[in-house]
Asker: 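Got a structure for you, written out below as structure tokens; questions coming shortly.
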Amino acid sequence: MSIAITLPDGAIKRYETAVTGLEIAESIASGLRRNAVAVRVNGEQWDLSRPIEIDAEVAIITRDTEEGLEVLRHDAAHVMAEAVKELYPETQVTIGPAIENGFYYDFARDDAFTPEDLEAIEGRMKEIVKRNEEITREVWQRDQAIEYFNGIGEVYKAEIIAEFPADETITVYRQGEFLDLCRGPHLPSTGVLRDGFKLTKLAGAYWRGDPNNAQLQRIYGTAWSDKKQLKAYLRRMEEAEKRDHRKLGKALDLFHIQDEAPGSVFWHPKGWAIYTAVQNYMAAQQYKHGYQEIKTPVLVDISLWERSGHASKFGDDMFTLSSDERDYAVKPMNCPCHVQVFNQGLKSYRDLPLRLAEFGSCHRNEMSGALHGIMRVRSFVQDDAHIFCTEDQIQSEVKLFIDFLHEVYRDFGFEEIIYKLSTRPEQRVGEDADWDRAEQALEQALNDNGLDWELQPGEGAFYGPKVEFSLKDCIGRVWQCGTIQVDFSMPGRLDAEYVAEDGSKQVPVMLHRAILGSIERFLGILIEQHAGALPAWLAPQQVMVATIVTDANDYAEQVQAALHNAGIRAEVDLRNEKISYKVREHSLQKIPAILCIGQREAEQGTVAVRRFGSKQQSVVPLEQFIDEFSEEIESKQQFVVGE
RNA sequence: GCCUGCAUAGCUCAGUAGGUAGAGCAACUGACUUGUAAUCAGUAGGUCGUUGGUUCGAUUCCGACUGCAGGCUCCA
């Protein structure tokens with residue numbers, strides 16, 4: 001018998017007997033063996049120590065690759081579980097996967113883990129790594145495994161295994177005294193994990209993600225190929241946290257939130273300047289793209305929400321109030337109101353597609369634990385719009401919308417967009433045939449645009465499937481911003497109709513769509529994306545005119561007036577302070593341009609320009625600066641480092 | 001809503017093994033007229049989130065509440 005092993009470079013190695021990944025790695029280079037964490041055999045991940053007995057394509061997985069890191073992180077979870085079992089034997093283990101940048105493990109235990117426990121666990125993990133326990137794979141019968149785990153009091157593990165088919169064999173991994181159900185692969189021994197890991201946080205998590213189940217204790221950690229990588233990651237996170245919109249919102253005096261209005265934002269002058277800049281931009285864009293802007297009431301009788309179906313599904317999350325013996329809801333969304341506008345007067349097929357847009361002020365009683373800065377609030381404004389169209393027009397409208405969204409995101413400097421298609425949920429309204437067509441229309445539009453999208457089965461809205469467009473915040477959390485949703489149900493429920501070509505009355509299809517989503521959330525992400533240093537067209541203060549001597553005050557005010565005349569947001573700083581003091585302060589405020597004005601500038605009609613992010617100055621005539629800066633605003637240029 | 005943690009001056013934070021608190025910056029006053037990331041001196045500023053309890057005495061210990069943070073769940 002001879003086994004042919006094909007390596008990634010096409011080379012073929014022959015072995016007389018079964019060979020392990022570790023042996024193959026060793027035979028290629030000792031460095032490769034040192035960095036090996038697992039092996040890919042015919043596309044499947046295997047343990048390095050598992051004998052390969054047939055001809056196979058084999059690739060060694062090393063610790064510095066994404067795939068290798070995933071193996072390391074998964075092992076870190078197991079080592080953590082072993083440490084927890086050693087320190088707190090009464091604890092039950094449940095599941096512990098690798099995740100982006102790290103891993104977690106969910107434990108069941110009556111006493112809560114404390115931050116001090118975390119240190120102890122991490123210390124024990126290091127010991128386990130030092131012990132370098134061999135990790136071995138064993139194949140068990142399902143029933144044998146259930147019996148074993150129940151026998152040692154690990155009922156969660158037994159429950160997981162009990163869901164496998166009765167005749168299925170399962171794999172368990174043994175390291176020291178610790179035995180865990182696992183598909184693998186795992187490292188040959190705990191020492192291979194090395195020291196690039198750290199436990200980071202403690203959290204509650206429901207068993208199987210269901211709030212009706214017991215709440216487990218989840219310990220998160222991060223793991224990297226070595227300590228250097230770990231430190232680099234921790235430094236990156238530290239840097240990223242400086243971009244947090246809540247910190248910048250305070251430091252740059254943009255907004256605040258206070259106890260009396262949880263989940264609602266108090267916008268300060270500078271924050272509101274950004275807000276209006278964004279909203280005005282969107283209004284102009286929507287007009288350009290064939291939308292008509294409307295405004296609908298915030299307080300609407302509850303009966304409308306009962307007819308639309310929102311009251312029964314979201315009643316608990318709606319703010320309601322009574323007055324003059326009528327019950328009202330503070331609108332949580334705009335669509336039923338937009339249908340009311342559509343319903344005024346008789347509509348013809350010639351009116352379609354009809355695109356109604358609104359900066360709709362919405363309130364939702366979000367759970368207290370869900371609130372997050374200005375990203376997740378109870379009071380927000382959507383750049384909402386509803387497109388009333390025929391079924392034939394869905395495809396092209398969705399395509400137009402995606403192009404529109406891309407144009408907007410590009411202007412704001414967003415390159416990385418996450419696309420998701422969410423399909424029919426269990427609790428829904430409408431016919432399955434309609435859902436079929438709606439889902440296909442969205443999928444088709446995504447594919448026509450050549451986008452790389454992810455399917456989220458069952459995550460659609462109750463009235464229709466949706467495409468979500470998400471962006472990441474400073475530490476990589478994903479937030480949904482844009483969306484487009486196909487709705488075959490609500491127009492009918494709310495009696496919308498139009499006269500078709502043949503004179504018959506038809507129910508239009510409604511597309512719900514938003515590009516920014518919640519303006520509040522979008523601004524939070526925008527602030528983080530730019531670390532507070534917004535490009536000139538969005539900066540709340542675009543130019544600061546700072547005097548060097550009081551003799552230049554008059555000229556500085558003339559400069560400010562000239563900037564105002566050119567439509568530039570400019571402030572003037574006449575304080576009796578040194579110019580370096582003013583430069584420092586306005587630089588910390590991340591103002592795009594500081595114009596320093598001294599005796600010379602006053603005499604020559606020039607300005608000394610210092611752009612944010614640069615230590616250079618250039619002295620130019622005032623008119624030239626205004627022209628160039630206006631052009632920069634006009635073209636929505638991204639952040640520019642000055643000459 | 002659930003789990004864990006946190007709440008001290010306008011901001012960032014220190015502190016009290018239980019005896020009603022301190023720094024830097026900001027603010028205010030004065031001096032300095034200044035050329036590109038902090039001029040100097042002085043003054044003022046806090047019911048230590050709210051509320052019960054233990055105690056001779058609570059900002060500190062315990063409980064409740066509110067809010068915030070990180071997760072979980074939810075997200076029309």
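Keep in mind that the numbers below use all heavy atoms, side chains included, and drop hydrogens, waters and symmetry copies. Chain identifiers are assigned alphabetically (A, B, ...) following the order of the sequence lines, protein sequences preceding nucleic acid strands; residue numbering begins at 1 within each chain.
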Asker: Quickly work out the A:M367 CE to B:C74 P distance and round it to whole Å.
Answerer: 8 Å
Asker: To the nearest Å, give me how far apart CZ (A:R376) and C1' (B:G71) are.
Answerer: 14 Å
Asker: Of all of residues 581-597 of chain A, which get a heavy atom below 4.0 angstrom from RNA chain B, listed by number?
Answerer: A:Y581, A:V583, A:R584, A:S587, A:L588, A:C596
Asker: Determine the contact category for A:S580: base if any of its heavy atoms lies under 4.0 Å from a base atom, sugar-phosphate if only primed atoms, P, OP1 or OP2 are that close, otherwise nothing.
Answerer: sugar-phosphate
Asker: Counting only non-hydrogen atoms, which of residues 204-224 of chain A are less than 4.0 Å from RNA chain B?
Answerer: A:G204, A:A205, A:Y206, A:G209, A:P211, A:Q215, A:R218, A:Y220
Asker: If you check the A:R610 side chain, which of B:U36, B:G70, B:A76 turns out closest?
Answerer: B:U36
Asker: Counting heavy atoms from C-beta on, name the nucleotide in B:G35, B:U36, B:C74 closest to the side chain of A:Q599.
Answerer: B:G35
Asker: For A:Y220, does the six-membered ring have the charged nitrogen or CZ of A:K201 within the cation-pi criterion, i.e. under 6.0 angstrom from the centroid and within 45° of the normal?
Answerer: yes
Asker: Pick the C1' atom in B:A7 and in B:C65, then give their distance to the nearest Å.
Answerer: 13 Å
Asker: In which ranges does RNA chain B form stems of 3 or more consecutive Watson-Crick or G-U pairs, distances under 3.5 Å?
Answerer: B:1-7 with B:66-72, B:10-13 with B:22-25, B:27-31 with B:39-43, B:49-53 with B:61-65
Asker: Which is true for A:K201 with a 4.0 Å heavy-atom rule: it touches a base, it touches only sugar-phosphate, or it touches nothing?
Answerer: sugar-phosphate
Asker: Let me know the distance between CH2 of A:W479 and P of B:C74, rounded to the nearest Å.
Answerer: 15 Å
Asker: Go through A:F107 and A:Y88 one step at a time and tell me if the ring pair (Phe, Tyr, Trp, His ring centres under 6.0 Å) criterion holds.
Answerer: CA-CA 11 Å; A:F107 300 101; A:Y88 316 99; 9.1 Å; no
Asker: Just to be sure I understand the rule, does A:E601 reach a base, reach only the sugar-phosphate, or reach nothing, if contact means heavy atoms closer than 4.0 Å?
Answerer: base
Asker: How many Å lie between CZ on A:F314 and C1' on B:A76, as a whole number?
Answerer: 4 Å
Asker: How are the rings of A:F462 and A:F314 set to each other: parallel, tilted or perpendicular (split at 30° and 60°)?
Answerer: tilted
Asker: Output every pair passing salt bridge (Lys or Arg N to Asp or Glu O under 4.0 Å) with a member in residues 250-264 of chain A, not counting sequence neighbours, ordered by first then second residue.
Answerer: none
Asker: So if I take every side-chain heavy atom of A:Y463 and compare against B:U73, B:A37, B:A76, which nucleotide ends up nearest?
Answerer: B:A76
Asker: Going by atom types alone, do A:T483 and A:Q485 pair a side-chain donor with an acceptor below 3.5 Å?
Answerer: yes
Asker: Salt bridge (Lys or Arg N to Asp or Glu O under 4.0 Å): which pairs involve residues 459-469 of chain A, sequence neighbours left out?
Answerer: A:K466-A:E468
Asker: List, one per line, each side-chain donor-acceptor pair under 3.5 Å for residues 510-523 of chain A, sequence neighbours excluded.
Answerer:
from	atom 1	to	atom 2	distance (Å)
A:H512	ND1	A:H386	NE2	3.2
A:H512	NE2	A:D487	OD2	2.8
A:R513	NH1	A:Y291	OH	3.0
A:R513	NH2	A:D383	O	3.0
A:S518	OG	A:E520	N	3.2
A:S518	OG	A:R521	N	3.0
A:E520	OE1	A:V381	N	3.0
A:E520	OE2	A:Y275	OH	3.1
A:R521	NE	A:M375	O	2.8
A:R521	NH1	A:Q480	O	2.7
A:R521	NH2	A:M375	O	3.3

Asker: What pairs with A:T296 under side chain to side chain contact (heavy atoms under 4.5 Å, CB included), at least two apart in sequence or on another chain?
Answerer: A:I294, A:K331, A:C337, A:H338, A:V341, A:E358
Asker: Using the P atom as the reference point in each nucleotide, state the distance between B:A64 and B:G5 in Å, no decimals.
Answerer: 12 Å
Asker: Taking only the C1' atom of each, what is the distance from B:A38 to B:C32 in whole angstrom?
Answerer: 15 Å
Asker: For A:E366 and for A:R477, locate the closest nucleotide of RNA chain B by heavy-atom distance; then report the residue assigned to the nucleotide nearer the 5' terminus.
Answerer: A:R477
Asker: Considering only atom C1', compute the distance from B:G22 to B:A14 and round it to an integer number of Å.
Answerer: 7 Å
Asker: Give one of base, sugar-phosphate or nothing for A:A608, where a contact means two heavy atoms less than 4.0 Å apart.
Answerer: base
Asker: Sticking with atom P, work out how far B:G53 lies from B:G67, rounded to a whole angstrom.
Answerer: 23 Å
Asker: Could you work out, with salt bridge (charged side-chain N to carboxylate O under 4.0 Å, His left out) as the rule, every residue matching A:R428, not counting sequence neighbours?
Answerer: A:D432
Asker: Could you give the distance separating B:G19 and B:A44 at their C1' atoms, to the nearest angstrom?
Answerer: 27 Å
Asker: Mind checking what makes ring-ring contact (aromatic ring centres under 6.0 Å, His included) contact with A:H268, not counting sequence neighbours?
Answerer: A:H256
Asker: For nucleotides 6-16 of chain B, tabulate all protein N/O to nucleotide N/O atom pairs closer than 3.5 Å, reporting atom names and distance.
Answerer:
from	atom 1	to	atom 2	distance (Å)
B:U12	OP1	A:K250	NZ	3.4

Asker: Taking any heavy-atom pair under 4.0 Å as a contact, classify A:R428: base, sugar-phosphate, or nothing.
Answerer: nothing
Asker: What's A:K466 touching, base or sugar-phosphate or nothing? Going by heavy atoms closer than 4.0 Å.
Answerer: sugar-phosphate
Asker: Measure CD/A:Q456 against P/B:C74 and give the value in whole Å, please.
Answerer: 12 Å
Asker: Pick the C1' atom in B:U8 and in B:G45, then give their distance to the nearest Å.
Answerer: 14 Å
Asker: Whole angstroms only, please: what is the CD-P distance between A:Q427 and B:C74?
Answerer: 13 Å
Asker: Base, sugar-phosphate, or nothing for A:I579, non-hydrogen atoms under 4.0 angstrom?
Answerer: sugar-phosphate
Asker: Under the salt bridge (Lys or Arg N to Asp or Glu O under 4.0 Å) rule, what pairs show up with a residue in residues 93-107 of chain A, not counting sequence neighbours?
Answerer: A:D106-A:R218
Asker: Mind checking the C1' distance from B:U60 to B:U16? Whole angstroms is fine.
Answerer: 6 Å
Asker: Name the pairs: protein N/O against N/O of nucleotides 59-67 of chain B, kept only if under 3.5 Å.
Answerer:
from	atom 1	to	atom 2	distance (Å)
B:G67	O2'	A:D259	OD1	2.8

Asker: Does A:R600 put a side-chain nitrogen or oxygen below 4.0 Å from OP1 or OP2 of B:G35?
Answerer: no
Asker: Could you state the CD-P distance from A:Q617 to B:U36, rounded to the nearest angstrom?
Answerer: 7 Å
